[in-house]
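Here the structure is laid out as structure tokens; the discussion comes afterwards.
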Amino acid sequence: MVKSTKTQSNHYLRRDVLRIGGGVALAAPFVGRAWAETTEINMLAWYGHGEPDMVGAFEEANNVKFVPKYYAGGDNMLALIAQSPPGTYDIILSDAEFVQQLNAAEYIEPLDANDYPFDDMLHEDFTKFPGHWDGDTLYSMILRGGHLGVSYNTTAMSAEEASSYQGFWKPELAGKVGHFDWHLPSLGMMSLKNGNGAGLWDLSDAQWEAVQETTMSLRPQVGGYFDYGGTFNGLKNGEMLAMCGIGDWITGVLERDGAPVASVIPKEGGIQFTESYCIGRGSGKADLVKSFIQYMMSPEGQVKSAQMLAYPGFCVTKAGRAMLQEVDPKEAARSHQMDGMANDPIALINEGRIHYRDIPQQQSLEDWNDFWSEYKNA
Amino acid sequence: MSAPRRLNLYALTWRLPIILWQLMFFVGPVLFMVAISFFVVRNYRMTEAFEFVNWEKMLTRGYFWDSYWYTLFIASLSASVAMLVAFPAAWALAFRASDNLRRWAVFLLVIPFFTSYLVRTFSWYVILAESGVLNAMLGYIGLGPFKMLNTHFGTVVGYLTLTLPLAVILQTVTMANIDKTLIEAARNLGCKPLATIWRVVLPLSRTGFIVAALFCFILAFGDFVAPFYLGGSQEPTLPILILDTTKSGQQWPRAAVVAIMMMLTLFTVAFTAIALAYRKPAGSR
């Protein structure tokens, strides 16, 4: 009886194996198709925001796949959207100064402010960030920021020399000062050097003329105009000993690798770039995108943003900053995101030394760009 | 009165693909580029129009002409350098090397084209940097360090990376086809080596050499990579100006103006060069 049962058991086992095996074989194409049904989220962003270190964990947890399209510069971003059908991009990472234009052109959806941690912001400016709101309607959620000032090789410039934009004119740096090849930050810095302070973007004709003169006087010092890769290499191999138009977002990556470079906010003030998320108008995946933005605003997401491999940025929420200090105190200290540190980004804003990046108020972007081309040719 | 030519359908069938290809991928895009040079950009969106504002804007700007003359100069310089540097190697390959060695040399000269030009350009960073290989070697004999990256020199080195192998190959093939008895006759009649090159080899190689120089010029004139990455974008060449123009404000119509000016220049240079190459010597029939 026992034997018979065993035989029967074996018999069923074989039959089961065949049945299950056949079932698996037949179902394989459908299983494959089910796996392939990962939802794609089209992202328009600066380089690095759609890379695995930023979106990998969210992709895994939500069975989504980010398809990033990277741009370089706000007007480049606007053009890419303008030339695409509505709904092409589900999520747009924008520089704050371009959100108003995105909204005016109806490229983005309104957001519900209650979905995001506005009660946990590190600075009150972040709760009602310029350009992010239209009246009481939120259109863009601030994610991170970074400060631009004097970036330099610490073996070629002292901290004192770097504490003023005048340091770029140091005779020993002739041919060794590089520019990030975008007119907005570089000319903004020249405007700050001229003492325009908070009015750095709102220049009268005379002030604009003076900014052009100051910039032209720097030309003999300039050794080149670079994109991200060129800037990175120039500082790394010592071809450039100072860079105008950048900040910790590039030197921070090199610093992590032990290069003798640093960025400081000089006494004339610095410029803040602010990156924020928008939901693309016409996106069919708005709920998923909202979940992603909420994830990036969570402490975990904020830490990922601060540690982003492509270029670092500072946390904008208190919980994010606290978690960064806890899980990566080295990066928190390197980026001065510690209470009481001299260059704490939030303290710099409180001291009035930081000015949010904007677009020219009395001139057009074209005027600035025209001058930039003249400057490069001079 | 000759009889009207009959349509040769067989020949047309074989010619049609290339005609269609050229119409679709050369004539069509060029016409479209000419058309968009009259369009205008409003709110970062290109709008159909027929306005001369882009032409006026670009052609009246000093920086456009600065870039234009600089590009013309640096491309001519690099084409000349490529031709001069290539000549001794091509001479040796054409007249001194065995057929087997020449075949291997040409194969080796083609190998660099197997890798990306961008990668080859970036590899110069390691060699040309102030802390790079070349300066280290010069340092052993008490020279330098010299600034080579982000200079005109860097740009020319980049251009040569692109053009030099081509120049050597074209010069070699041209000189290898010269009737060697003519050179021997010149020498037998007392012509000195340099005079032989000047009076016999160069006139006989004129067409090939002009075509080689033309290729070098065309490649350098339109190259973006070398002046951007090895020249530090100073001064900007026309391809860099195109990029700058499209990057800021997405002014594709103005970029089209620059591109058309480049094409007109290349057409002029190419037709002049071809005319020179095939011009019959004075007195010949």
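Just so it is clear: chains get the letters A, B, ... in the order the sequence lines come, proteins before strands, and each one is counted from 1. Computation of the quantities below employed the complete heavy-atom set of this structure, encompassing side-chain atoms and omitting hydrogens, waters and symmetry-equivalent molecules.
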Can you give me the closest heavy-atom contact between B:Leu128 and A:Glu239, atom names plus distance?
O-OE2, 4.5 Å
Would one find more than 12 heavy atoms of other residues, nucleotides or ligands at under 6.0 Å from atom CD of A:Glu172?
yes
Using the side-chain hydrogen bond (donor to acceptor under 3.5 Å, both in side chains) criterion, which residues pair with B:Ser78? Sequence neighbours excluded.
none
For B:Met137, I'd like to know if atom CE has over 12 heavy atoms of other residues, nucleotides or ligands within 6.0 Å.
no
B:Phe215 atom CZ, neighbour heavy-atom count above 12 within 6.0 Å:
no
What I want to check is whether the side chains of B:Ser131 and A:Asn237 have a donor and an acceptor closer together than 3.5 Å.
no
Using non-hydrogen atoms only, which part of A:Gln83 is less than 4.5 Å away from chain B: side chain, backbone, both, or neither?
side chain
Which region of A:His183, side chain (C-beta onward) or backbone (N, CA, C, O), has a non-hydrogen atom less than 4.5 Å from a non-hydrogen atom of chain B, or is it both or neither?
side chain
Considering only heavy atoms, give the residues of residues 219-239 of chain B separated from chain A by less than 4.5 Å, sorted numerically, with 'none' for an empty result.
B:Phe228, B:Tyr229, B:Gly232, B:Ser233, B:Gln234, B:Glu235, B:Pro236
Inter-chain contacts: residues 145-161 of chain B against chain A, heavy atoms under 4.5 Å
B:Lys147, B:Leu149, B:Asn150
Could you have a look at A:Asp370, A:Leu184, A:Asp181, A:Leu365 and say which one has the most heavy-atom pairs with chain B under 4.5 angstrom?
A:Asp370
When rounded to the nearest 0.5 angstrom, what is the spacing between OH in A:Tyr225 and CD1 in B:Ile240?
11.5 Å
For A:Trp201, which residues count as a side-chain hydrogen bond (donor to acceptor under 3.5 Å, both in side chains) partner, sequence neighbours excluded?
none
Walk me through whether A:Lys236 and B:Tyr125 qualify under side chain to side chain contact (heavy atoms under 4.5 Å, CB included).
CA-CA 11 Å; A:Lys236 191 173 184 178; B:Tyr125 273 51; over 6 Å; no
Measure the spacing between CD of B:Glu130 and CG of A:Leu241 and express it to the nearest 0.5 Å.
8.0 Å
Tell me whether B:Trp65 at atom CH2 has more than 12 heavy atoms from other residues, nucleotides or ligands lying less than 6.0 Å away.
yes
If you apply the rule side chain to side chain contact (heavy atoms under 4.5 Å, CB included), what do you find for A:Asn233 with B:Phe122, and how did you get there?
CA-CA 10 Å; A:Asn233 278 325; B:Phe122 269 113; 3.8 Å; yes
For A:Glu109, does the CD atom have more than 12 heavy-atom neighbours from other residues, nucleotides or ligands under 6.0 Å away?
yes
Check the pair B:Asp244 / A:Lys376 against side chain to side chain contact (heavy atoms under 4.5 Å, CB included), numbers first and verdict last.
CA-CA 11 Å; B:Asp244 286 352; A:Lys376 285 170 74 174; 2.6 Å; yes
Whether over 12 other heavy atoms sit under 6.0 Å from B:Phe73 CZ
no
